[in-house]
Amino acid sequence: MKILFVASEVYPLVKTGGLADVVGALPVALSATNDVKVLLPAYEGLMGMLSDCRAGPILGNPFGYGEMRLVFGRLEGGSIEFWLLDCPNLFHRQGGPYLNEDGHDHADNHRRFAALSWAGAVVTQYGSLMNWRPDIVHAHDWQTGLLPAYLRAWSQRHPPVVYTIHNMQFTGAYTHDQYLETGLPESLFNMYGLEYYGRYSMLKAGIQYSDAVTTVSPTYAKEIQTPAYGCGLDALMRDQKHKISGILNGVDYQVWNPATDELIDHHYCLRDMDGKALNKQALQKKLGLRIEPRKPLLGLISRLSEQKGLDLVLQVLPDYLEQGAQLILLGSGEKSLESAFRALSGRFPDQVSANFGYNEPLAHQIQSASDFLLVPSRFEPCGLTQLYALKYGTLPIVRRTGGLADSVWEDISGRPQTGFVFNDATVHELWHALQRAMGAYENERVFRQLREQAMQQDFSWESSAAQYTSLYKRLIT
Ligand code: ADP
Ligand code: GLC
């Protein structure tokens, strides 16, 4: 099958969260038996990261922001061909893919990602221009939601579109005036189309006009059909239930494996765990924490946002810090959470290390050094850090929601315990989960056994890729 992925981030080219990890790894897993291309914006500097770049076709200037063209290239030694959508007026920016340097959305995100969606739709129609016509289009998150809307508006024959929701919270909602810039017809702007509480939502468009909707865990697929998790779209999700499924994300064990990880100081594996203890000591030293081989070290690697339940951590943790536990946080996002963690580290200077900004090596080092990883999310479509933690023998402490519920076990009959799981997003429940975790840490034999059970879990991409492949096949035939 020829599969076109369309997304706004791809590891290692551009990453703000788990979406990039997924779009970096799933095409590689699928490419064992398929021909996969990945279309993404040519953000500033991206072309320089690819080898072997060659100019593709010019797509035109439909929005009046400058000519758009495709550029093809690969990562050195990589198996996947990337198709970069080049349009400097839209994609050459200071800041990140969505936010400017002050942390605000780029003012023209509605245009930038309409353009990406439009380009994906165009590729399905003019495959002869690049000698390649997809059998399936797989679009991701709100940034590509208008892709199937363009196809609907043009009402031409086109390959089936699979639309994956990585996070319902980002609805990509804009005003009617902004809609007029997309070139889409007024006939779609109604409640049975992409209208969303008086505005339009790119996410809703993706749900309405695609042939199948997937989300990144079976539990989240059910949750988003309820008012508590549906972000105002739960009625639509219930209505479209027949085309929704949940496929759990996998892990790229080439990137996340303590036996080979080039970003950590000491390698280790199930049979030889010495490296993990050395990593703990090395990171405590590097970050100015007290060197304490026998005190529990908690890791936390997260966007700092309300989704992630970090306010609970701030309330619960002091009790455990007073008993000698340590915390290493790596995060970026809301300034108020940043200052709260900074204050916590001021209060416990040799027990709490608060690190802000985006730091890929440090993320790996925290996984490799910590005894536990905290993921107390209010909602979590899949979550990847807990999957990485399992492989690194770092026991996840998670809330039973979304992909966390589908990947970490405690007290589930027939499943070996691999972490600590609490039900409600309350201080009380998190406190008790930590209590159980600390209890296990005290008992060397129990702790060793849990660690082994965690490290034996296999969340490699093959099984998820097989589920996507059978979905694609069902849609084609
Ligand atoms: P989400 O996509 O909601 O942010 P995930 O758990 O799916 O959550 O994925 C988060 C990804 O981003 C993981 O690869 C994690 O290691 C990484 N990550 C999160 N925050 C940072 C950070 N500040 N620096 C480096 N990597 C980070
Ligand atoms: C989103 C979700 C996260 C998921 C990731 C990749 O950012 O918040 O739970 O793991 O996408 O699918």
Side-chain angles (χ1 to χ4, degrees), residues 5 7-12 14-26 96-98 138-144 163-171 203 214-221 223-224 229 231 246-253 255-256 261 263-264 299-310 328-334 337-338 341 353-368 370 373-392 394 396 398-399 401-408 459 461 464 468:
F5 267 59
S8 57
E9 11 183 317
V10 182
Y11 179 82
V14 48
K15 167 168 167 178
T16 71
L19 171 65
D21 288 1
V22 172
V23 182
L26 176 56
Y98 320 120
H138 191 159
H140 298 264
D141 262 356
W142 69 268
Q143 298 89 342
T144 61
Y163 183 62
T164 296
I165 302 171
H166 295 262
N167 194 330
M168 279 300 267
Q169 193 176 47
F170 301 108
T171 53
L203 180 82
T214 72
T215 184
V216 286
S217 68
T219 295
Y220 193 60
E223 287 172 339
I224 54 181
Y229 292 86
C231 302
I247 301 178
L248 195 71
N249 287 332
V251 177
D252 185 345
Y253 288 124
V255 178
W256 294 97
D261 189 334
L263 299 174
I264 65 177
L300 210 172
I301 305 161
S302 182
R303 283 186 291 114
L304 303 179
S305 80
E306 132 112 76
Q307 169 186 347
K308 302 292 182 177
L310 304 176
I328 301 179
L329 162 93
L330 169 62
S332 64
E334 280 168 29
L337 283 166
E338 236 180 63
F341 277 104
S353 164
N355 305 272
F356 304 110
Y358 188 81
N359 187 335
E360 191 75 28
L362 185 56
H364 286 245
Q365 287 151 17
I366 295 173
Q367 292 279 14
S368 78
S370 305
L373 188 84
L374 281 166
V375 198
S377 308
R378 294 209 146 70
F379 69 93
E380 195 61 75
C382 177
L384 295 171
T385 57
Q386 85 282 6
L387 300 179
Y388 305 154
L390 291 168
K391 183 72 181 173
Y392 283 69
T394 302
V398 307
R399 196 178 147 232
T401 184
L404 301 172
D406 294 340
S407 60
V408 181
F459 287 98
W461 269 107
S464 319
Y468 282 112

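One-based numbering, in listed order, for ligands and for the atoms of each. We use all heavy atoms of the structure for the numbers below, so side chains are in, but hydrogens, waters and symmetry mates are not.
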Next on the checklist: Please report the interatomic distance CG(Leu390) to OG(Ser407), rounded to the nearest 0.5 Å.
Outcome noted: 6.5 Å

Checklist entry - Backbone, side chain, both or neither: what part of Lys308 comes under 4.0 angstrom of ligand 1, heavy atoms only? => result side chain

Next on the checklist: I'd like to know if Gln169 contacts ligand 2, where contact means a heavy-atom distance under 4.0 Å to any ligand atom.
Outcome noted: no

Item to check | Nearest protein heavy atom with distance in Å, relative to atom 15 (C) of ligand 1 | outcome: Thr385 CG2, 3.6 Å

Item to check | Close-contact set for ligand 2 against Asn167 heavy atoms, below 4.0 Å | outcome: 8 (O)

Checklist entry - Have Gln367 and Asp261 got a donor and an acceptor in their side chains that come within less than 3.5 Å? => result no

Next on the checklist: Is it the case that the side chain of Thr394 and the backbone of Ser370 share a donor-acceptor pair, with hydrogens and angles ignored and the cut-off at 3.5 Å?
Outcome noted: yes

Item to check | Atoms in ligand 1 with a heavy atom of Leu330 nearer than 4.0 Å | outcome: 22 (C), 23 (N), 24 (N), 25 (C)

Checklist entry - Got a second to check how far Leu310's CG is from Phe341's CZ, nearest 0.5 Å? => result 5.0 Å

Checklist entry - Where is the nearest protein heavy atom to atom 13 (C) of ligand 1: which residue, which atom, and how far? => result Asp21 OD2, 3.8 Å

Next on the checklist: Does only the side chain of Lys15 get under 4.0 Å from ligand 1, or the backbone, or both, or neither? Count heavy atoms.
Outcome noted: side chain

Checklist outcome for this item: One finds that the ligand 2 atoms under 4.0 Å from a non-hydrogen atom of Val216 are 12 (O)

Checklist outcome for this item: Paired with Glu380, the side chain to side chain donor-acceptor pair (under 3.5 Å) test is passed by just one of Arg399, Gln386, Lys308, namely Lys308

Item to check | Heavy-atom closest pair, residues Val22 and His166 | outcome: CG1-CE1, 3.8 Å

Checklist entry - Which of the numbered atoms in ligand 1 are below 4.0 angstrom from a heavy atom of Leu384? => result 5 (P), 6 (O), 7 (O)

Checklist outcome for this item: of all protein heavy atoms, closest to atom 24 (N) of ligand 1 is Asn359 N, 3.0 Å

Checklist entry - Would you say Gly383 contacts ligand 2, with heavy atoms under 4.0 Å as the rule? => result yes

Checklist outcome for this item: Near Asn249 (heavy-atom distance under 4.0 Å), the atoms of ligand 2 are 6 (C), 10 (O), 12 (O)

Next on the checklist: Does the plane of the ring in Tyr220 sit parallel, tilted or perpendicular to the ring in Phe379? Use 30° and 60° as the thresholds.
Outcome noted: parallel

Next on the checklist: Out of all atoms in ligand 1, which are within 4.0 Å of some heavy atom of Arg303? Include the element for each.
Outcome noted: 1 (P), 3 (O), 4 (O)

Checklist entry - Which of the numbered atoms in ligand 2 are below 4.0 angstrom from a heavy atom of Gln307? => result 8 (O)

Checklist entry - For the atom pair SG (Cys382) and CG (Leu404), what is the distance rounded to the nearest 0.5 Å? => result 8.0 Å

Item to check | Nearest protein heavy atom with distance in Å, relative to atom 19 (C) of ligand 1 | outcome: Ile301 CG2, 4.0 Å

Item to check | Side-chain donor/acceptor of Gln143 to backbone N/O of Ala7, under 3.5 Å | outcome: no

Checklist entry - Under the side-chain hydrogen bond (donor to acceptor under 3.5 Å, both in side chains) criterion, do Tyr388 and Asp21 qualify, and how do the steps go? => result CA-CA 12 Å; Tyr388 305 154; Asp21 288 1; 2.6 Å; yes

Checklist outcome for this item: ligand 2 to Pro381, heavy atom cutoff 4.0 Å, flagged ligand atoms 2 (C), 8 (O), 9 (O)

Item to check | Heavy-atom closest pair, residues Trp256 and Tyr253 | outcome: O-CD2, 3.3 Å

Checklist entry - When the ring planes of Trp142 and Tyr98 are compared, do they come out parallel, tilted or perpendicular, using 30° and 60° as the limits? => result tilted

Next on the checklist: Which heavy atom of Leu374 sits nearest to which heavy atom of Leu300, and what is that distance?
Outcome noted: O-CG, 3.9 Å

Checklist entry - What is the nearest protein non-hydrogen atom to atom 1 (C) of ligand 2, stated with its residue, atom name and distance? => result His166 O, 3.1 Å

Item to check | Contact atoms of ligand 2, heavy-atom distance to Val22 under 4.0 Å | outcome: 6 (C), 12 (O)

Checklist entry - What atoms of ligand 1 come closer than 4.0 angstrom to any heavy atom of Gly383? => result 6 (O), 7 (O)

Next on the checklist: Please list the nearest protein heavy atom to atom 2 (O) of ligand 1 with its residue and the distance rounded to 0.1 Å.
Outcome noted: Gly18 N, 2.7 Å

Checklist entry - In terms of residue, atom name and distance, what is the protein heavy atom nearest to atom 23 (N) of ligand 1? => result Gly357 O, 2.9 Å

Checklist entry - For ligand 2, which part of Asp21 has a heavy atom less than 4.0 Å away: the side chain, the backbone, both, or neither? => result neither

Checklist entry - Mind checking whether His138 and Phe5 have parallel, tilted or perpendicular rings, split at 30° and 60°? => result tilted

Item to check | Shortest reach to atom 27 (C) of ligand 1 by a heavy atom, considering only Phe356, Tyr11, Trp256, Tyr358 | outcome: Tyr358

Checklist entry - Looking only at heavy atoms, is any part of His140 under 4.0 Å from ligand 2, and if so is it the side chain, the backbone, or both, or is it neither? => result neither

Item to check | Glu9/Tyr11 under side-chain hydrogen bond (donor to acceptor under 3.5 Å, both in side chains): CA gap, chis, key distance, verdict | outcome: CA-CA 7 Å; Glu9 11 183 317; Tyr11 179 82; over 6 Å; no

Checklist entry - How far is atom 3 (C) of ligand 2 from its nearest protein heavy atom, and which residue and atom is that? => result Glu380 OE2, 3.4 Å

Checklist entry - Under 3.5 Å, is there a donor-acceptor pair between the side chain of Asn355 and the main chain of Leu329? => result yes

Checklist entry - Which bit of Leu19 is near ligand 2, meaning a heavy atom under 4.0 Å away: side chain, backbone, both or neither? => result backbone

Item to check | Element-labelled atoms of ligand 2 that are located less than 4.0 Å from some non-hydrogen atom of Arg303 | outcome: 8 (O)

